[in-house]
**Student:** 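Below is the structure I would like to discuss, written out as C-alpha cells.
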Amino acid sequence: MPARKKPETPAKPTVSGKASTINDIARLSGVSKKTVSRIINHSPLVRKDTREKVEALMREVGYSPDPMARGLAFRKSFLIGMVYDNPTAQYIVNMQYGALDAIRDSGFELVVHPCDSRSPNYIDGVRRFAQQQKLHGVMLVPRVSEDQALADMLLEIGCRYVRIAPVAMDDMSRMVVTHDRDGAAEAADYLYMLGHRDIALITGPNNYRSALERTAGFVEGLGRYGLELPKARIVEAGYTFESGVSAAEKLLAGKQRPTAIFTGNDEMAAGVYKVAMRSGISIPQQLSVVGFDDSPLASRLWPSLTSVRRPTRDTGRLAASMLVQPDAMATLSSASVRPHLVIRDSCQPPEN
C-alpha cells in the first residue's frame with residue numbers, strides 16, 4: 001500500500017528578504033493599504049476578523065510601523081523627544097524608563113537628544129532636533145529645563161514641551177515640580193536629630209537650580225534649629241564622583257573634621273566614601289553621610305547609603321503622560337513628585 005503523502009505546510013508569506021512595508025502587508029493580507037493603516041492606528045472602523053488576520057500577518061513577517069512614516073501620513077508625529085544635559089547616567093536611564101512606561105502601547109516612540117548647555121549654539125541644535133524629527137512634544141530634563149531661552153524657542157516653533165524642575169518655572173500645564181528643597185530639609189532634620197552639630201555640605205554646580213534648591217533646603221532646615229552652616233563647611237562640586245572626591249579631600253583633611261556630610265547627589269557621596277576609606281575614617285562610626293537621589297548606587301555602597309529618594313522614574317512617566325495624554329492630565333491642578341528620606345546604614349549619632 002503506497003505511503004500517504006504528508007500534507008504540505010503552507011508557505012509563509014515573504015517579502016523577498018527585505019524589511020516589510022505597509023504595502024507588503026496590504027498585498028499579502030488582501031486588504032487595502034488604508035485598512036492596514038487603520039489597524040496600526042487602532043481605528044474602530046475595522047472588522048474584528050480582519051484586524052486579527054492582519055495583526056497575525058504583521059507578527060509573522062516581523063513588521064513594525066515606522067513612527068516617522070505614520071507621522072507623515074497622519075499629519076502629526078508619533079515621536080516624543082527627551083533633551084538633557086546631566087552628568088549622572090543613572091538619573092537619565094531612570095527618566096527614560098519612566099517615559100517608556102508612559103508611552104508603552106500608545107504608538108509613540110521616545111528619541112533622546114543629549115546636549116551641552118554650555119555650548120553657545122546648543123539651542124539651535126535642539127531646534128534642528130525638534131524640527132527634523134517633527135516631534136509631537138519634548139521632555140526637558142534638568143538642567144536644560146531651567147533655561148527660559150530654550151522654552152521660548154520651543155514656543156516659537158510650536159513644539160509642545162514639559163519642563164522638569166525643582167520649582168515652578170512655567171505654566172503648570174507644562175511643569176513637573178520635584179520639590180528638591182523639601183528633600184534636603186528632611187536630610188537636615190535627620191542629621192540634627194541624631195545629634196550632629198558640625199555638619200558639612202557638598203553642593204552641585206551653582207548654575208544648576210537643583211543645587212541651589214537643595215542647598216537652600218538643607219541650610220534652612222538646620223536654621224530652624226538655630227544651627228548656622230559656616231561657609232568653610234560648604235564646598236561646591238560638579239554632581240560627579242570625581243568632584244565628590246575633591247570636595248571630600250578639602251573637608252576631611254584638617255584635624256577639625258565634620259561629623260556628618262550631606263551631598264547633593266549619590267555620586268558625590270560615593271566620592272566621600274572613597275576619601276574616608278583612604279584616610280582611615282570609619283563610616284558611620286566617625287563620619288555620617290547622606291546622599292540625594294537614592295539611585296541604585298546607594299544600596300550598593302557599603303555601608304549602604306542613607307539618601308533622599310527622588311522618584312525619577314515616576315517623574316519621567318508623568319512628564320511623558322502630559323505630552324501623550326494632555327486631556328487626561330488636564331484634570332490635575334499641578335503635576336509634582338515628592339522626595340523623601342530613605343534611612344540605611346551610613347549614619348549614627350556622633351562620637352562623644
**Student:** Can a salt bridge be assigned to the pair Glu186 and Arg309 using a cut-off of 4.0 Å between side-chain N and carboxylate O?
**Tutor:** no
**Student:** Should Asp293 and Arg310 count as an ion pair when the cut-off is N to O under 4.0 Å?
**Tutor:** yes
**Student:** Given Phe262 and Ile202, is the side chain to side chain contact (heavy atoms under 4.5 Å, CB included) satisfied, shown in steps?
**Tutor:** CA-CA 6 Å; Phe262 172 58; Ile202 299 177; over 6 Å; no
**Student:** Whether the side chain of Ser279 engages the backbone of Ala276 through a donor-acceptor N/O pair (distance < 3.5 Å, no angle test) should be reported.
**Tutor:** no
**Student:** Look at the side chain of Lys53 and the backbone N and O of Ser29, then say whether any donor-acceptor pair between them is shorter than 3.5 Å.
**Tutor:**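 A pair under 3.5 Å: yes.
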**Student:** Does any non-hydrogen side-chain atom of Leu201 lie less than 4.5 Å from one of Val235?
**Tutor:** no
**Student:** What verdict does the ring pair (Phe, Tyr, Trp, His ring centres under 6.0 Å) test give for Phe78 and His136, after you've listed the backbone C-alpha separation in whole Å, the side-chain angles of each residue and the deciding distance to 0.1 Å?
**Tutor:** CA-CA 6 Å; Phe78 289 85; His136 175 83; 7.8 Å; no
**Student:** Find the distance between CG (Leu194) and CD (Gln348) and round it off to the nearest 0.5 Å.
**Tutor:** 9.0 Å
**Student:** Give me the one residue out of Thr263, Val342, Leu341 that meets side-chain contact (heavy atoms from CB on, under 4.5 Å) with Val290.
**Tutor:** Leu341
**Student:** Are Arg338 and Asp182 close enough that some pair of their side-chain heavy atoms sits under 4.5 Å apart?
**Tutor:**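 They are in contact (side-chain heavy atoms under 4.5 Å apart), so the answer is yes.
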**Student:** Do NZ/NE/NH1/NH2 and the carboxylate oxygens of Glu220 and Arg224 come within less than 4.0 Å?
**Tutor:**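 Answer for the salt bridge query: no.
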**Student:** Kindly compute the distance separating CZ (Arg344) from CG (Leu305), expressed to the nearest 0.5 Å.
**Tutor:**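 Between Arg344 CZ and Leu305 CG, I get 7.0 Å after rounding to 0.5 Å.
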**Student:** To the closest 0.5 Å, what do you measure between CZ (Arg197) and CG (Leu227)?
**Tutor:**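 Here the interatomic distance stands at 7.0 Å.
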**Student:** Got a salt bridge between Arg181 and Glu213, using NZ or NE/NH1/NH2 to carboxylate O under 4.0 Å?
**Tutor:** yes
**Student:** Please work out whether the ring planes of Phe129 and His113 are parallel, tilted or perpendicular, with thresholds of 30° and 60°.
**Tutor:**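 Correct class here is parallel.
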**Student:** Under a 3.5 Å cutoff, is there a donor and acceptor pairing between the side chains of Gln148 and Arg163?
**Tutor:**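 Yes - a donor-acceptor pair under 3.5 Å links their side chains.
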**Student:** Between Ser304 and Asp345, is any side-chain donor less than 3.5 angstrom from a side-chain acceptor?
**Tutor:**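 The criterion, which ignores hydrogens and geometry beyond distance, is satisfied for Asp345 and Ser304.
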**Student:** Working to the nearest 0.5 angstrom, can you tell me the gap between Leu287 CG and Cys347 SG?
**Tutor:** 8.5 Å
**Student:** Nearest 0.5 Å, please: how far is OG in Ser282 from CD in Glu351?
**Tutor:**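 Going from CD on Glu351 over to OG on Ser282, the span is 8.0 Å.
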**Student:** Is the closest side-chain heavy-atom distance between Asp180 and Arg209 below 4.5 Å?
**Tutor:**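 SC-SC contact between Asp180 and Arg209 ruled out.
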**Student:** Between Arg27 and Asp24, is there a salt bridge with N-O shorter than 4.0 Å?
**Tutor:** yes
**Student:** What residues form a ring-ring contact (aromatic ring centres under 6.0 Å, His included) with Tyr192, not counting sequence neighbours?
**Tutor:** Tyr225
**Student:** Under a 4.0 Å N-O cut-off, is there an ion pair linking Asp198 with Arg233?
**Tutor:** yes
**Student:** Please answer whether the main-chain N or O of Gly244 pairs with a side-chain N or O of Tyr239 as donor and acceptor at a distance below 3.5 Å.
**Tutor:** no
